[in-house]
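See below for the structure under consideration.
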There are 2 protein chains.
Amino acid sequence: MVMAERVVAPSRRRLTRDDWADAALAAIADGGLAAVAVEPLAVRLGATKGSFYWHFANREALLDAALARWEERSTTAVIREIAAASDDPRDQLRLLFIRVIDAAERDSIGPALLSAASHPVVAPVLARVTKARIGVIVALFERLGFAPDKARSRALLAYSTYLGHGQLAHSTPGLLPRTNEERRAYLDHALHVLTN
Amino acid sequence: MVMAERVVAPSRRRLTRDDWADAALAAIADGGLAAVAVEPLAVRLGATKGSFYWHFANREALLDAALARWEERSTTAVIREIAAASDDPRDQLRLLFIRVIDAAERDSIGPALLSAASHPVVAPVLARVTKARIGVIVALFERLGFAPDKARSRALLAYSTYLGHGQLAHSTPGLLPRTNEERRAYLDHALHVLTN
DNA sequence: GTTCTTCCATGCGCTAGCGTATGGTCATGG
DNA sequence: CCATGACCATACGCTAGCGCATGGAAGAAC
């Protein structure tokens, strides 16, 4: 696919910390954590390491900044949208699944970070995001009438299923339902199984 | 110069292809695919690259050999054990989950490979293993009385849940049930949800 | 329009790891 | 008893990437 395409716009614009952080996220999305390398990123941004080491102490600092941005986006954003869309927990759960599943298929930062879960910089971020997400789901199940412990079990199950689905979609998409109709039926079935 | 101090191996035994492949699997288990590096492996085996490049053309050939071994173990072995243990599909499913879950927690080759699912050498192996495993689960659900399409949905759900559970166990174990009792209850609940 | 600060380019040294070249050792069969 | 081939060690070249050091350019301050 597309390789490092240099910014054609001869924008001699100066770069910011956030420019680098976003570039890092883009690199993670299509190449994993290992693709966050200073020199290739510099090429991609039409700059050099000189710029980078002005804005960041080292590669790890870049990762920190990038992951912080991702964490922000991954917690507040979706949660707000869900809350705004409906009041019915059933609808919310459905919407959550839809949103979150196709987010995972379109934008692969999440999966890429899961692939690097043991990395010392990634681990705490991932832990916080996971905890927040599961918390939301637990609350939904409780509002659906499940007792707290059952709600927690179901939420873990649901979140595990989501994670696993992402893995399958990523590693062996051929085994999953392909047409939109099949996908909808599968989703309905999944929600039915998980909520009954 | 520094004398070549023999690191561990008191055994002067000559190495085989399989020795290298097993060492590679061990490296994958505790360091991921990137940890399969010729020179570190050589040190670990008390040998040098000279030996390695006698047995293998290059690093990729080593990966091929290692993954072939893993594939063999991951498909035939467990499946045979399940079939031998019981005839009741319910028991078999339960046993499958138990086996496979603590296999994933004890031996982390599977998760490590999932983390590298997009690697060209890993992808086809993973696809075959996944397909085989899901096939087994589909068959179990059919024997439980589910219609083929429902059986398939449930099997996908179950396998996704397993994969996701592995992810959680690996990335944020604190969120999962900790005591054996809780774990058993969680497993029962999961099986109940997935089979009813 | 000097001067000061911010931002960036260039070039260097360093490390880890891949792959190759070449020669040495050791068991075995002739 | 030696010659052959399987096995391995050593030393080398090569690449990618990190991090640093230094010298500018480009605005802003005055």
Side-chain angles (χ1 to χ4, degrees), chain A residues 3-4 6-7 9-28 30-67 112 116 119-122, chain B residues 1-28 30-67 112 116 119-122:
Chain A
M3 286 283 101
R6 173 159 178 165
V7 172
S11 70
R12 298 300 281 148
R13 193 170 74 73
R14 288 152 91 118
L15 298 173
T16 71
R17 239 180 109 86
D18 283 346
D19 290 331
W20 284 98
D22 285 335
L25 286 176
I28 289 175
D30 67 44
L33 205 66
V36 180
V38 178
E39 281 154 317
L41 246 54
V43 172
R44 203 154 141 166
L45 285 172
T48 66
K49 293 193 294 183
S51 171
F52 176 81
Y53 282 100
W54 169 257
H55 294 289
F56 296 91
N58 50 33
R59 179 177 176 272
E60 192 176 318
L62 172 63
L63 285 181
D64 283 335
L67 293 184
H119 189 291
V121 172
V122 175
Chain B
M1 292 295 160
V2 177
M3 295 270 101
E5 47 220 309
R6 193 152 296 276
V7 179
V8 257
S11 77
R12 259 193 179 211
R13 196 170 68 75
R14 287 155 91 117
L15 299 172
T16 71
R17 240 181 109 84
D18 284 347
D19 290 332
W20 283 98
D22 285 335
L25 285 176
I28 289 175
D30 65 48
L33 205 66
V36 181
V38 178
E39 282 154 317
L41 245 55
V43 172
R44 202 156 143 166
L45 285 172
T48 67
K49 292 195 293 182
S51 170
F52 176 81
Y53 283 100
W54 171 257
H55 293 288
F56 296 92
N58 51 33
R59 179 178 176 272
E60 191 175 319
L62 172 62
L63 285 181
D64 283 335
L67 293 184
H119 190 290
V121 172
V122 174

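Just so it is clear: chains get the letters A, B, ... in the order the sequence lines come, proteins before strands, and each one is counted from 1. Note that these values count all heavy atoms, side chains included, but never hydrogens, waters or copies made by symmetry.
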Rounded interatomic separation in angstrom, taking CD from B:Glu39 and C1' from C:dT20: 12 Å
Residue B:Tyr53, side-chain atoms from C-beta onward, closest of C:dC18, C:dC8, C:dC12: C:dC18
Side chain proximity check, A:Phe52 to A:Leu45, heavy atoms < 4.5 angstrom: no
Interatomic distance, A:Asn58 CG vs C:dT15 P [rounded to whole Å]: 18 Å
Donor-acceptor contact present, side-chain B:Asp19 to main-chain B:Thr16, <3.5 Å: yes
Between C1' of C:dC18 and CG of B:Leu62, the distance in whole Å: 13 Å
Atom-to-atom span, CZ of A:Arg59 to C1' of D:dC20 - whole angstrom: 18 Å
B:Phe56 CZ - D:dC7 P separation (whole Å): 12 Å
Option from A:Val121, A:Leu67, A:Leu41 for which side chain to side chain contact (heavy atoms under 4.5 Å, CB included) with A:Leu62 holds: A:Leu41
Residue-phosphate contact under 4.0 Å: B:Trp54 side-chain N/O, D:dC8 OP1/OP2: no
Note, B:Val43 side chain near B:Glu39 side chain (heavy atom, < 4.5 Å): no
A:Arg17 CZ - C:dT6 P separation (whole Å): 15 Å
Presence of A:His55 side-chain N/O under 4.0 Å of C:dC8 phosphate oxygens OP1/OP2: yes
Nearest-angstrom distance from the residue atom CZ of B:Phe52 to C1' of C:dT20: 13 Å
Side-chain N or O of B:Arg14 closer than 4.0 Å to phosphate OP1/OP2 of D:dC7: no
A:Ser51 side chain, from C-beta outward: closest of D:dC8, C:dA9, D:dG17: C:dA9
Heavy-atom side-chain proximity of A:Trp54 to A:Leu15 below 4.5 angstrom: no
Closest to the B:Leu15 side chain, choosing from D:dC18, C:dA9, D:dC8: D:dC8
Rounded distance (Å) that lies between atom P of C:dG17 and atom CG of B:Leu63: 15 Å
Residue B:Val38, side-chain heavy atoms: nucleotide from C:dA9, D:dC18, C:dC18 that is nearest: C:dC18
